[in-house]
Amino acid sequence: MITAEIQIHGYRKGHQLLASSSVLSKDDQAVVDRLSDVAGPLRPKEQFLPYLSAYPLPSGKYYVVARTWQDHSVARAGCVRTMSVLIDAQSWSLKPPILPILRLLGSSDLPMEQDAVRVELEESFETQLPPAPAFSASELLEALFLEDA
């Protein structure tokens, strides 16, 4: 079993930490706070599908896998709700529990504050990851390099 800490970020008079199963160092928490918010402003009525993020924390103690949903439950446009799963970096480097984390983050419902509890993830011996959704790589390249394909 691998222990995972959970944080929930969302809108409450600004984007902030709503609940957490553990306390992080100031530097680590600042990174999670920043990366749990949507990057850049959204145009009016612009929508996006939930997305995943993964990154190490500055202390080297945790590796974070997070899912961010657009939060239509608040009156302010452009708000998000993010559930971050923090895994011990040493455990992550030896055998990352990818499938259990994806299952934990797989809900289509917005995470709630009561979801911020420490969880035990069973190690998965499955070898195949679920298929990735199709996307247009040429559009991504055009956006990255600001050139037509």
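- Leu94 belongs to no multi-residue hydrophobic cluster, having no ILVMFWY side-chain contact under 4.5 Å with any other such residue.
- With contacts defined as side-chain heavy-atom distances shorter than 4.5 Å, the pair Gln47/Gln70 qualifies.
- Residues passing the side chain to side chain donor-acceptor pair (under 3.5 Å) test with Ser22: none are found, sequence neighbours excluded.
- Residues Ile2 and Glu120 are not in side-chain contact: their nearest non-hydrogen atoms beyond the backbone lie 4.5 Å or more apart.
- Counting only heavy atoms from C-beta outward, the side chains of Leu57 and Leu86 approach each other to under 4.5 Å.
- Residues satisfying the side chain to side chain contact (heavy atoms under 4.5 Å, CB included) test with Gln114, not counting sequence neighbours, are Met112.
- For Ser93, the side chain to side chain contact (heavy atoms under 4.5 Å, CB included) test picks out Gln90, with sequence neighbours left out.
- Evaluation of the salt bridge (Lys or Arg N to Asp or Glu O under 4.0 Å) rule for Glu46 yields Arg43 as partners, not counting sequence neighbours.
- Side-chain contact between Val119 and Val117: present, with at least one pair of heavy atoms (C-beta onward) separated by less than 4.5 Å.
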Residues 31-38 side chain polar contacts: donor-acceptor under 3.5 Å, at least two apart:
residue: Asp33; atom: OD1; partner: His9; partner atom: NE2; Å: 2.7
residue: Asp33; atom: OD1; partner: Gln29; partner atom: NE2; Å: 2.7
residue: Ser36; atom: OG; partner: His15; partner atom: NE2; Å: 2.8
residue: Ser36; atom: OG; partner: Val32; partner atom: O; Å: 3.1
residue: Ser36; atom: OG; partner: Asp33; partner atom: O; Å: 3.0

Check the pair Leu121, Ile87 against side chain to side chain contact (heavy atoms under 4.5 Å, CB included), reporting the backbone distance first and the verdict last.
-> CA-CA 10 Å; Leu121 301 174; Ile87 302 293; 3.8 Å; yes
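- Qualifying salt bridge (Lys or Arg N to Asp or Glu O under 4.0 Å) partners for Arg12, counting only residues two or more places apart in sequence or in other chains: Glu113.
- Under the side chain to side chain donor-acceptor pair (under 3.5 Å) criterion, Ser73 pairs with Asp71, not counting sequence neighbours.
- Sorted by first and then second residue, the ring-ring contact (aromatic ring centres under 6.0 Å, His included) pairs involving residues 79-99 (not counting sequence neighbours) are Tyr63-Trp92.
- Under the side chain to side chain donor-acceptor pair (under 3.5 Å) criterion, Thr82 pairs with Thr68, sequence neighbours left out.
- Scanning for side chain to side chain donor-acceptor pair (under 3.5 Å) contacts around Ser107 gives an empty result, with sequence neighbours left out.
- Evaluation of the ring-ring contact (aromatic ring centres under 6.0 Å, His included) test over residues 27-60, restricted to residues two or more places apart or in two chains, returns Phe48-Tyr51.
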